[in-house]
Amino acid sequence: MAPGAPSSSPSPILAALLFSSLVLSPVQAIVVYTDKEVHGAVGSQVTLYCSFWSSEWVSDDLSFTWRYQPEGGRDAISIFHYAKGQPYIDEVGTFKERIQWVGDPHRKDGSIVIHNLDYGDNGTFTCDVKNPPDIVGKTSQVTLYVFEKVPTRYGVVLGAVIGGVLGVVLLALLLFYLIRYCWLRRQAALQRRLSAMEKGKLHKTAKDASKRGRQTPVLYAMLDHSRSTKAASEKKTKGLGESRKDKK
């Protein structure tokens, strides 16, 4: 390289900025969410939910696309598309006049409703969302099963059984604590009654002892008075006898 010629290698600052933009701040892909499977009865309707997460604000160019692959089929066909604020519903295929748009783009909701279900509707539905500039991401799929009568799900039955068992346990605990509370209350009342009886006995004993204490001096006084009266009577009788002897 000739002297004075500009260097073709990037500067350290430019290299650092390029590294941070490619490695430290990668573009986050859009994420789409649907149910794993839904069940419906013949002649009824079912809602296919679809929502998404994006690192960008909801764009005016936001779009939702639903595709359908029949059970046992190989190819998926587009049955619904939303773009530029307008829903575009399939007016030709098997879902003609049976699809209803119920989504809300501002809430990141791209759900649709399928009316008047039939056995031929069994299959896989795919929801694809684009929110420019966030357009990279995986789609999400939900499988539809149509029955003559929607079967009770195992999870619902299991939840009902668990709820019943928990209800019985809670009722048993409530009954136990109620009986224990009544027993403790009765014991406390009995204890108060016994304490009151013991206090009454002690008070009565103290009162009797005090009464006996007051009666003892009176008895002694009565005995002393009786003795003094007897002695005076005997002395008087003796004096009368002696005076009669002197007169003789």
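Quick caveat, the model's predicted, so the values are computed rather than measured.
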Where do [X] and [Y] come nearest, in terms of heavy atoms and distance?
| X | Y | answer |
| --- | --- | --- |
| W66 | C50 | CZ2-CB, 3.4 Å |
| T34 | C127 | CG2-CB, 4.0 Å |
| G123 | Y68 | CA-CE1, 4.0 Å |
| A83 | S63 | CB-CB, 4.3 Å |
| G40 | S44 | C-OG, 4.1 Å |
| P105 | V58 | O-CG1, 3.7 Å |

Over 60° means perpendicular and under 30° means parallel, so classify the ring planes of W101 and F64, tilted if in between.
tilted

If Ile, Leu, Val, Met, Phe, Trp and Tyr residues are connected whenever their side-chain heavy atoms lie under 4.5 Å apart, and connections chain through other members, are [X] and [Y] in the same group?
| X | Y | value |
| --- | --- | --- |
| L117 | Y119 | yes |
| L184 | F176 | no |
| V38 | V42 | yes |
| I112 | Y49 | no |

Compare all side-chain heavy atoms of V129 with those of I30 and state whether any distance is below 4.5 angstrom.
yes

With side-chain contact (heavy atoms from CB on, under 4.5 Å) as the criterion, how do F125 and R67 come out once you've worked through the C-alpha distance, each side chain's angles and the decisive distance to 0.1 Å?
CA-CA 6 Å; F125 294 79; R67 296 182 178 87; over 6 Å; no

Reported [atom1]-to-[atom2] distance for the pair [X] and [Y], which is rounded to 0.5 angstrom:
| X | Y | atom1 | atom2 | value |
| --- | --- | --- | --- | --- |
| I114 | L144 | CD1 | CG | 6.0 Å |
| I79 | T94 | CD1 | OG1 | 9.5 Å |
| D128 | F52 | CG | CZ | 11.5 Å |
| L175 | R180 | CG | CZ | 14.0 Å |
| L62 | H106 | CG | NE2 | 9.5 Å |

Apart from V102 itself, its cluster of hydrophobic side chains linked below 4.5 Å comprises V113

Considering residues at least two apart in sequence or located in another chain, which fulfil the side-chain hydrogen bond (donor to acceptor under 3.5 Å, both in side chains) criterion with [X]?
| X | result |
| --- | --- |
| Q45 | H115 |
| S54 | N131, D134 |
| S111 | D109 |
| N122 | none |

Are the charged groups of D121 and R98 less than 4.0 angstrom apart, N to O?
yes

Donor-acceptor pair, [X] side chain versus [Y] backbone, under 3.5 Å?
| X | Y | value |
| --- | --- | --- |
| K108 | S51 | no |
| Q191 | S195 | no |
| S59 | D61 | yes |
| T143 | E37 | no |

Report the residues that fulfil side-chain contact (heavy atoms from CB on, under 4.5 Å) with R192, sequence neighbours left out, ordered by chain and then residue number.
A188, A189

